[in-house]
Amino acid sequence: MRKLKKRPVQIYLDPNQDRVLTMLARSSGKSKAGIIRSCIDRFLASLPADQDPLLDIVGLGSSNKGDVAARHDQYLTSSRK
């Protein structure tokens, strides 16, 4: 079974939104899904950096080491026995 590169999502559009999206798709030669993906990309790029959900992982762990940023590769490749 092949792995999908894109995930299916179902949304409901107002009739006017669908009408405009259909016209945009016809005039641009793009699919409705492609236009929606582009809009989502632009919206996500416009979010302030402090709202990036990936920033939630900062500070999750503690190593008690003050040089992790500089020596992270060494720490990741070394093994503890």
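Position 1 is the first residue of the sequence, and the numbers go up from there. Keep in mind that the numbers below use all heavy atoms, side chains included, and drop hydrogens, waters and symmetry copies.
Taking a 6.0 Å sphere around NZ of Lys32, one finds it holds more than 12 heavy atoms contributed by other residues, nucleotides or ligands.
Interatomic distance, Arg71 CZ to Asp73 CG, rounded to the nearest 0.5 Å: 11.0 Å. Interatomic distance, CD1 of Ile40 versus CD1 of Ile35, reported as 12.5 Å (0.5 Å rounding).
A pairwise comparison of heavy atoms in Ala25 and Ser31 identifies CB-C, 4.3 Å as the closest pair. The two residues Ile11 and Ile36 come nearest to each other via the heavy atoms CD1-CD1, 4.0 Å.
Contact check on Arg19 versus Asp14 returns no salt bridge, with no Lys/Arg side-chain nitrogen under 4.0 Å from an Asp/Glu carboxylate oxygen.
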